[in-house]
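Have a look at the structure below before the remarks.
These figures come from a predicted structure and were not determined experimentally.
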Amino acid sequence: MAELLDRPGPTRPPAVLPQGTVTPEGTVDIPPAAFEVRVLEAVQGRLGRPPVVRVARGMSLFGEHAAGWLLFGVAGAVIDRRRRRDWVTATAAVALAHGASVGVKRVVRRPRPQDPRVQVLVGTPSKLSFPSAHATSTTAAAVVFGALLRKPLVAALVPPMALSRMVLGVHYPTDVVAGSVLGAAVAVVTRRAASRRTALRARKGNR
């Protein structure tokens, strides 16, 4: 719901300001570099076939507001009762990562691709692009759930989700890269904090 409040108004200046310009509203405009539009055009040209687009749209629906990953975490907590606390912590990390991406979007307020060479093939809950919330929550989920399942989920999940956002024409390459970095950072920090709390409880229990 938070992203629904972030739609840029009609009086927003066009994205032609110098890279990283701070606007009078205190936000940061990051206009797309020419190469990013060319990358999107190339990705859609090579991968934008109907079967791929259908899969990408399914991934978009699954990752909207991190809902699919949050449900996955809840299911893990219900099924794996012995490690319920770990699953709850991991799910909270995914929610925190998604919230962080929304917060960054509010500050940066970069518009989504609007170039005539780029086809927009799916609807979005907001007009804001940087970073990709789908890439953020998917990376966080891959890190924390991969650790619980002892599976290399980052390699299996993150590249397909990142590519799907570009196939659909709703994110620039730097959006998905930044989202992945943010998601990984939140996941690692959350895991370390949880490990410290567990160790502290263990020390207190041994006294």
message = Enumerate the side-chain hydrogen bond (donor to acceptor under 3.5 Å, both in side chains) contacts for residues 135-162, please, sequence neighbours excluded, ordered by first and then second residue.
response = W69-T138, T139-S180
inquiry  = For residues 131-154, which residue pairs pass the ring pair (Phe, Tyr, Trp, His ring centres under 6.0 Å) check, not counting sequence neighbours?
reply    = F72-F145, W87-F145
task = Mind listing the closest non-hydrogen atom pair of V88 and A77 along with its distance?
result = CG2-CB, 4.3 Å
key: Nearest non-hydrogen partners of V154 and P159, listed with the distance   = O-CD, 3.4 Å
ask   = Is there a donor-acceptor pair closer than 3.5 Å between any side-chain N or O of H171 and the backbone N or O of F130?
value = no
key: Nearest heavy atoms of V167 and G48, plus distance in Å   = CG1-CA, 4.4 Å
query = If you round to the nearest 0.5 Å, how far is CZ of R109 from OG of S129?
reply = 12.5 Å
query = Taking all non-hydrogen atoms of both residues, which atom of V176 and which atom of A162 are closest, and how far apart?
reply = CG1-O, 3.8 Å
request  = Decide whether V170 and V37 are clustered together by the hydrophobic rule: side chain heavy atoms of Ile, Leu, Val, Met, Phe, Trp, Tyr closer than 4.5 Å, transitively.
outcome  = yes
query = Given the rule that I, L, V, M, F, W and Y join up when any side-chain heavy atoms are under 4.5 Å apart, are V53 and M59 in one cluster?
reply = no
query = Taking C-beta and beyond as the side chain, do V102 and H98 meet within less than 4.5 Å on heavy atoms?
reply = yes
ask   = Applying salt bridge (Lys or Arg N to Asp or Glu O under 4.0 Å), which residue pairs with at least one partner in residues 163-186 are found, sequence neighbours left out?
value = R110-D175
inquiry  = I need the minimum non-hydrogen distance between G183 and A97, along with the two atoms involved.
reply    = CA-CB, 4.4 Å
ask   = When hydrophobic residues are tied together by side-chain contacts of less than 4.5 Å, even through go-betweens, does V120 share a cluster with V43?
value = yes
ask   = Any donor and acceptor pair, going by atom type alone, linking the side chain of Q44 with main-chain N or O of Q119 inside 3.5 Å?
value = yes
inquiry  = Same cluster or not: F62 versus V52, using hydrophobic residues (I, L, V, M, F, W, Y) connected whenever any side-chain heavy atoms lie under 4.5 Å apart?
reply    = no
key: Shared hydrophobic cluster, L163 / L121 (ILVMFWY, side-chain heavy atoms < 4.5 Å)   = yes
remark   = In short, T91 meets V74 closest at the heavy-atom pair OG1-N, 4.0 Å
note = By salt bridge (Lys or Arg N to Asp or Glu O under 4.0 Å), R117 pairs with (sequence neighbours left out) D115
key: pair T190-L96: side-chain heavy atoms closer than 4.5 Å   = yes
remark   = Residues pairing under salt bridge (Lys or Arg N to Asp or Glu O under 4.0 Å) where one sits in residues 177-195, two or more places apart or in two chains, turn out to be none
ask   = Counting distance only, does the side-chain N/O of R112 pair as donor-acceptor with the main-chain N or O of G169 below 3.5 Å?
value = no
query = In Å and rounded to the nearest 0.5 Å, what is the CG to CG distance from L168 to L40?
reply = 11.0 Å
Min side-chain heavy-atom separation S60-S164 under 4.5 Å = no
Partners meeting salt bridge (Lys or Arg N to Asp or Glu O under 4.0 Å) with R83 (sequence neighbours left out) = D80
